[in-house]
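In what follows, every chain begins at residue 1, and chains take the letters A, B, ... in the order their sequences are listed.
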There are 2 protein chains.
Amino acid sequence: MRLPPLNALRAFEAAARHEGYIAAAEELHVTRGAVSRHIKLLEDHLGVQLFRRHAKGVALTEAGRNLQPVLERAFRDIVLGVERISRDAQELRILCPPATSLRWLMPRLDDFRTCHPDIRVRLTTDFHTLSGFDNTEYDIGFSVSKWPRNDARIAVETVFPVLMTPICTPAMAESLRASGPEGLADATLLHDTPRRTDWRDWLATYPVKGVSETSGDTFPNLDMAVKAAVMGAGVVMADLVLCRDELETGALVAPFPDLACKASYGDVCLVGERSRWEDPKVRLFRDWARKAAQPDVDRLHRA
Amino acid sequence: MRLPPLNALRAFEAAARHEGYIAAAEELHVTRGAVSRHIKLLEDHLGVQLFRRHAKGVALTEAGRNLQPVLERAFRDIVLGVERISRDAQELRILCPPATSLRWLMPRLDDFRTCHPDIRVRLTTDFHTLSGFDNTEYDIGFSVSKWPRNDARIAVETVFPVLMTPICTPAMAESLRASGPEGLADATLLHDTPRRTDWRDWLATYPVKGVSETSGDTFPNLDMAVKAAVMGAGVVMADLVLCRDELETGALVAPFPDLACKASYGDVCLVGERSRWEDPKVRLFRDWARKAAQPDVDRLHRA
DNA sequence: GCTCATGGATCAGTTTTCCTAACCCATGAT
DNA sequence: ATCATGGGTTAGGAAAACTGATCCATGAGC
């Protein structure tokens, strides 16, 4: 299997398509002489005449007429394949769970798009599959560091730590401050998942007599639980980073800011296939995410 | 639609298939440095990394893994297409009517094959279609020059003229010579076609009282009519070139050698699509046929 | 933990390929 | 007869590809 000179094939294909050397030369941005030489070279290589030469231009021989569509198709397939991988290489498919997506990533993502306008970002807001990370659908994902991953091919990198403390409306906070943590026994606990891990984790660190994570209302995600808290429905266990907005505007306040604990599931982190971890687009996103989280990390340290 | 450097694509394809530059370099008969440069060039051109470099060799990135099969297929298609036209270019498809085939072409064709062993000859022994010449199935054909062709795209070239005279067994010839042409009235005429044109043409030139082409037996082709004549079945109208063997061996003789006429259908000739007339293989066959017929032509002139 | 073998990266210098520019030639139209 | 068109051809220079030597990182073997 000996391939003929590829550039000569390309020249021939163009000449055959245009039925003339001049048009082909224009397409290839060369002179007619170059096209002429290429085609002669190819004919010599194959030992087959591809064009019959008239005074007024050239005409394909049967051999040439048979070869042209084969080449046109092959070259088109190559172009399509190349375009596809170029497109894929510039498309960053991110998976991000709802709370992190709505409350951290989406407000910041425009900055990433501005910094890297050539990268097409496709964000999917959803939870991970049970297996940990779907490396066929996504290039990178947000997750938590202590997720039970047993796949060595998945890389993990912390973005920001999760510090939790109860928060509620200013009015409710005032009465809680007056009563101390025991006042929580009279309050409605708001859980960001039906699993109630948020309050369980916090109560494990700061046990409060008469308060159990089994009480209170559950929501499918943190955003909804926080919205309920803003409406005065109860006390939500806040991730200090993800609830920054409400705390800054004063819509919600922390009655016991010193009673903050780390989440048992670890930090918010990025996960991705290790073999793709240094892909330019993935690398750029990781670098950007770390930088974007820096203010949040600093704020936690100051607190 | 901008094609990347084709030689770089080829180098990449080989490297991807072998999962290493050294094996690819061997396949391409170059050094690993050359492969390395090609692939770097391609990566720069595409702006996509195709290999991840380890200390122990390279591994395809997802982009590279996607691109390789596309290229492998495209290159394979090109090779197959090129091989096909090379093969076709060396295959000469000849159509030849039965008499000319059996009595002229086939005994001489081995000489052509010996002179041009690279050309694969495919002889079809059959009559032409009514339309004159099937240029899709055949590269060249034997025919007769006065065939009513109205297609200007068909080229025609005489091979040898057709001179006809009655021939028969020596015994029958002796009695005919004694009786003169009028003796034909008592003989059985043998016709090489049901159309009886052979005797009609000859009788138009040399009218014989009491002899008409409407009498006698017909055969599907000259060969069978001649065989019948050899068996003493009658007098056949012989093409002097095609019946040379029988005349030379004395199996048949011409009682009136001076009463020879040209066939109304003209000469035996070659026909073919004018646009393919100068194809190397066609050209070679035409030149060979003219040369092969020269002894026959000379013999007619001597007679 | 040192050494070596492996496989790729890099670079200077050379070879090969490719291209241009200017010319030629054949033919059909004016 | 002249011109316009479209290829063919050539020398010379630009661009590419290649070589061969050297360098480098790493994993295996001792």
Side-chain angles (χ1 to χ4, degrees), chain A residues 2-46 48-61 63-65 68 75 152 274-275 277-278 280, chain B residues 2-46 48-61 63-65 68 75 152 274-275 277-278 280:
Chain A
R2 181 116 235 117
L3 271 169
L6 292 168
N7 293 322
L9 286 174
R10 173 167 48 182
F12 164 73
E13 194 280 324
R17 188 154 27 79
H18 290 114
E19 299 245 4
Y21 292 4
I22 293 181
E26 270 165 27
E27 175 180 313
L28 300 171
H29 304 112
V30 295
T31 55
R32 329 167 246 166
V35 175
S36 174
R37 290 178 116 273
H38 268 310
I39 287 169
K40 178 163 293 283
L41 177 75
L42 184 59
E43 287 182 331
D44 289 351
H45 180 96
L46 301 179
V48 178
Q49 216 190 1
L50 299 169
F51 281 110
R52 280 179 306 108
R53 277 77 167 170
H54 296 179
K56 264 317 202 221
V58 289
L60 284 166
T61 62
R65 201 160 38 248
Q68 190 273 334
F75 287 141
R274 199 174 290 283
S275 67
W277 208 230
E278 296 298 336
Chain B
R2 180 117 237 115
L3 272 169
L6 292 169
N7 294 320
L9 286 174
R10 174 167 48 181
F12 164 73
E13 194 279 326
R17 187 153 27 79
H18 291 114
E19 299 246 1
Y21 292 4
I22 293 181
E26 270 165 28
E27 175 180 313
L28 301 172
H29 305 111
V30 294
T31 56
R32 23 212 181 128
V35 174
S36 175
R37 290 175 120 273
H38 267 310
I39 288 168
K40 178 160 294 282
L41 176 75
L42 183 59
E43 288 182 331
D44 289 351
H45 180 96
L46 302 178
V48 177
Q49 219 190 359
L50 298 169
F51 282 110
R52 280 179 305 108
R53 277 76 168 173
H54 295 181
K56 267 308 200 230
V58 288
L60 284 165
T61 62
R65 202 159 37 250
Q68 191 272 334
F75 288 142
R274 199 175 289 285
S275 68
W277 207 231
E278 295 299 333

Partner residues of Q49(B) under the side chain to side chain donor-acceptor pair (under 3.5 Å) criterion, sequence neighbours left out = none
Length of the CG-C1' vector between L6(B) and dA15(D), whole Å | 16 Å
Taking only residues two or more places apart in sequence or in another chain, which ones pass salt bridge (charged side-chain N to carboxylate O under 4.0 Å, His left out) with R52(B)?
-> none
Partners passing salt bridge (charged side-chain N to carboxylate O under 4.0 Å, His left out) against R274(A) (at least two apart in sequence or in another chain) | none
Could you go over nucleotides 17-26 of chain D and give all protein N or O partners under 3.5 Å, atom names and distances?
residue	atom	partner	partner atom	Å
dC18(D)	OP2	H38(B)	NE2	2.6
dT19(D)	OP2	T31(B)	N	2.6
dT19(D)	OP2	T31(B)	OG1	3.0

Heavy-atom check, side chain of I39(B) versus side chain of E43(B), under 4.5 Å | yes
What distance do T61(B) atom OG1 and R53(B) atom CZ have between them, rounded to the nearest 0.5 Å?
-> 9.0 Å
Where does the chain B footprint on DNA chain C start and end, counting 5' to 3' with a 4.0 Å heavy-atom cut-off?
-> dT6(C) to dT10(C)
Rounded to the nearest 0.5 Å, the CD atom of E26(A) sits from the CZ atom of R32(A) at a distance of 10.0 Å
Let me know the distance between CG of L50(A) and C1' of dG7(D), rounded to the nearest Å.
-> 16 Å
If a pair satisfies ring pair (Phe, Tyr, Trp, His ring centres under 6.0 Å) and one of its residues is in residues 2-34 of chain A, list it, with sequence neighbours excluded.
-> F12(A)-F51(A), Y21(A)-F51(A)
To the nearest angstrom, how far is L42(A) atom CG from dG7(D) atom P?
-> 17 Å
Check whether any side-chain heavy atom of N7(A) sits under 4.5 Å from a side-chain heavy atom of N7(B), and report yes or no.
-> yes
